[in-house]
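As the structure is a computational prediction, the values presented were derived from the model and not from experiment.
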Amino acid sequence: MRAERYSVKRHLAGLAGGTALALALTGCGKGSSSDSGGSDGKTIRFVAAKYDDDTQAYWTALIKDFEKVNPGYRVNLEVVDWEQMDSKVKTYVQTKQEPDILNYNKFSDFARDGLVYKAQDVVSPKVLADFLPLFRQKAQYKGAQYGLPFISSARLFFYNKDIFAKAGIARPPSTWAEVEADAKKIKQAGYIGLGLPLGPEEAQAEFQIWAMNNGGGWTDASGKWAIDQQANVDTLSYLRKLTKEKVTQPNPEATNRKDVFNQFAQGKIGMLNGAVFMRKGFIDPVDADLNYGVAALPSKDGSTHKTLGVQDYLVAFKKSDGSNKAAVKKFLDFFYQKENAARFVSTEGFLSVTESAGQVLSSDSQNAAYYKPFVDALSSAEFAPADDPAWAAVDGAVKQRIGTGVAGGDPAKVLGEIQKTAQKGD
Amino acid sequence: MAVHDVTASATGAEHPAPVAPALHPPRRRRRTWRTLEPLLWLGPATLLILTMVVWPIIEMIRTSLTKVSSTGLSEGFAGLRNYTDLFAEGDLPGVLLRTVVWVIGVVTVTILVSLGLSQLLNASFPGRRLVRWAMIVPWASSVLMTALIWRWMLNNFYGVVNRLLMDIGVLDAPVNWLAHPGQALAAMMGVAVFVSLPFTSFVLLAGVQSIPGEVYEAARVDGAGPVRAYLSITLPLLRPSLVVAAIINVINVFNSFPIIWAMTRGGPGFSTDTTTTYLYKLAFDNQSVGESAAMAVVNFGLVLAVVLVYLRVVRRQEDTA
């Protein structure tokens, strides 16, 4: 009976938010062994995030190499899609089935709850010293480093040179006023002026890019949540104005990043805030000959241009008897060898977080030209406050709500709601 | 068990014949076996219900009273904090109201259309078997897939719906159907009706087929027309099927997750959420598992209340009928 069957499924889905049992069931479905790392001290479980179709192949090959040079050691790999990552991780933690190593974009609440090792316990001092200072600093919770920087990404402004030529625009915009004026010209030329993805996929990044280039951001100078500050209200009002003038794609509040990235690759959008992996992930597969340029992110007054830095981490979970530590350390040290780390970064089209892998990559002349502006921009990058344990909740609230500020909702009220969520965590 | 004891001693009283004391112990043993025997048959089912149904409910209620950290660790008793947090959410009234519209709308339309379909499927016409098979298609395909396909068809950039409407000149520019709460809700309700039709139609078809033909013959002899026969015979005799169809649909639609999640994720904002998607967002976006459990408890209570009220109304009608 089909109806019964999916009523059960729906029930499970419904209860998933609240019951440990439902979570345990979905977790067990994968056949994951519980706390297996401790059994012989040589087998570890690694949950990796799926960046694209090449991710699984990379790790499988790396693990094969690792097991060859370290006889007796085994790494059980599970590659999880980003969309399911949050619920998977929560399931594993709640049912005490944490992997030994996790590749994720948050670490601070694990550190707060004492679930993960300090970085110095699981990698050699050489690796520790190899992390670029900027990323090392962003991997700390209360003065100690818990996260192991894994990959990073930076944002710059992408524009379509052919569309700019047709619209009669000479150079990429530098100020918000120019963005608005150029977007109108592009619209008249028959294209979408500005791609503005404020749908739930990555709205927090898109909003931060605009906000920080107006002197705003998530926190104030003292580090307190200041999401409803005036600069942010002005930013959201500006984006709302662009939306109402119809120079963006229709309904930014319901448009996800990958949609506008695809539209840009197809030559339908004049300009947008793009990410470093745009070339590998979106443009090359659709139209490798697309005539586009990369410029600094526009700011309100055009004087300073900040970029948004994003980094993902590896964290190593403590196991009851600590017996997994040696194997974890062996594997992590193996991964952070410069060729291995560099190969991952170039496979996925991201930026390196270690000095040595960065050097390997910049000796590759063909790609180095594309990556250079991103690497340079990183020196002035701002990051999301991922080192604050409350960020996870704020991130979720921003993704859900911020888009409504350019549609039906009032910008000040929308930001006020998110501020409330942020303070609830305190 | 108490009942069994009474009957056992009663049968003993009917046979006052002297019984050798030596025979007593084995017989008593057999008797206790007898009394335990039903337990043997009921035990596994009871155990299954306890572990698969009752335990999760207890666990859900317990979680709703617990403070859960954002990593998912329990941090002890929270009192009613999760409930007060939940009822303080500004989006909750809208979510509840939408859930009511969603459930009543989808179930009513489904049942009305299914009543028609079941009549149609019951009529004899060439190719009837084929049509019955075709009815199963929306049932056999995955709900998630159906919802995803509709999302693509309604897509603003690539969707076939916009293309069609623009080609025949109804629209000048593409409409982002799922970005407007009203249109999005209507579209999702359409999909929900579509996937609920097969089950409902077949339940009602079974009901229609169980009505004996003589009743209609008698009615015809008495001069009743088709409308009269439908209202006075078919509908009343269909009541048991209608009750089953309505209750199962209410529960299903109430807890429907995949359609909304695949098509809009409850967005933009929270403007197309029902309680089921809302509790998921509370847990995984807002990171408050405790509050989400509170929502789940409220949700559970609502379903229970709706079903109980419905059953009572139906029973009262039956009593008066």
Side-chain angles (χ1 to χ4, degrees), chain A residues 1-4 6-7 9-23 86-87 89-95 106 109-110 112-113 115 198-200 249-251 253-255 259 262-263 268 389-390 392-393 395-397 399-401 403-404 407-409 414 417 420-421 424-425, chain B residues 55-57 59-60 63-64 68-74 85 90 139-140 143 156-157 173-176 178-181 196 198-199 248-249 251-252 255-258 261 264-271 276 279-290 292-297 299-300:
Chain A
M1 283 294 269
R2 183 58 193 279
E4 268 81 349
Y6 66 75
S7 84
K9 256 196 244 157
R10 286 171 184 186
H11 240 97
L12 277 184
L15 298 177
T19 77
L21 179 88
L23 290 169
D86 288 339
S87 52
V89 169
K90 192 159 286 180
T91 307
Y92 285 150
V93 172
Q94 217 170 29
T95 56
K106 303 175 187 92
D109 43 1
F110 302 134
R112 180 198 60 202
D113 293 347
L115 298 173
L198 287 174
Q249 85 283 4
N251 306 103
E253 75 278 11
T255 314
D259 291 330
N262 258 322
Q263 295 287 305
K268 292 178 181 165
D395 178 55
K399 284 176 178 170
Q400 292 305 330
R401 287 189 196 276
T404 59
V414 169
E417 290 277 353
K420 260 199 285 183
T421 306
K424 212 152 117 189
Chain B
W55 184 48
I57 293 171
E59 202 51 32
M60 173 170 82
T63 311
S64 76
V68 184
S69 97
S70 56
T71 55
L73 287 183
S74 165
D85 278 355
W139 203 1
V143 183
N156 169 33
F157 294 121
V175 174
N176 204 346
L178 296 178
H180 306 284
S196 307
F199 172 74
I248 290 186
N249 268 311
I251 295 172
N252 252 343
N255 287 320
S256 178
F257 183 81
W261 198 250
T264 62
R265 287 191 153 232
F270 294 90
S271 56
T276 313
L279 71 86
Y280 186 89
K281 282 181 172 177
L282 284 175
F284 292 111
D285 289 331
N286 289 11
Q287 307 278 326
S288 31
V289 171
S292 170
M295 182 76 246
V297 172
N299 208 20
F300 181 71

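Looking at A:Gln249, only its side chain comes within 4.5 Å of chain B, counting heavy atoms on both sides. Residue A:Leu198 does not touch chain B at all, counting heavy-atom pairs closer than 4.5 Å. Residue B:Asn156 touches chain A through its side chain alone, counting heavy-atom pairs closer than 4.5 Å. Contact annotation for B:Val68: only side-chain heavy atoms (C-beta onward) come within less than 4.5 Å of a heavy atom of chain A. Proximity to chain B (any heavy atom under 4.5 Å) is shown, for A:Ala407, by neither the backbone nor the side chain. Contact annotation for A:Asn262: only side-chain heavy atoms (C-beta onward) come within less than 4.5 Å of a heavy atom of chain B.
The side-chain heavy atoms of B:Val297 and B:Met60, taken from C-beta on, include a pair separated by under 4.5 Å.
Salt-bridge check for A:Asp86 with A:Lys90: failed, with every basic side-chain N at 4.0 Å or more from each acidic carboxylate O.
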Exercise for review: Could you walk me through whether B:Leu282 and B:Gln287 pass side-chain contact (heavy atoms from CB on, under 4.5 Å), step by step?
Suggested key: CA-CA 6 Å; B:Leu282 284 175; B:Gln287 307 278 326; over 6 Å; no
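Highest contact tally toward chain A, considering only B:Arg265, B:Lys281, B:Met295, is held by B:Lys281 [criterion: heavy-atom pairs under 4.5 Å]. Of the listed residues (A:Arg401, A:Lys399, A:Glu253), the one with the most heavy-atom contacts under 4.5 Å to chain B is A:Arg401. Chosen from A:Lys106, A:Arg112, A:Glu417, the residue pairing most often with chain B at heavy-atom distances under 4.5 Å is A:Arg112.
Taking the six-membered ring where the residue is Trp, B:Tyr280 and B:Phe284 present tilted rings, their angle falling between 30° and 60°.
With A:Thr255 contributing its side chain and A:Asn251 its backbone, the two residues share a donor-acceptor pair below 3.5 Å. Put simply, the side chain of B:Ser288 never gets that close to the backbone of B:Gly290: no donor and acceptor are under 3.5 Å apart. Between the B:Ser292 side chain and the B:Leu279 main chain, a donor and an acceptor come within less than 3.5 Å of each other.
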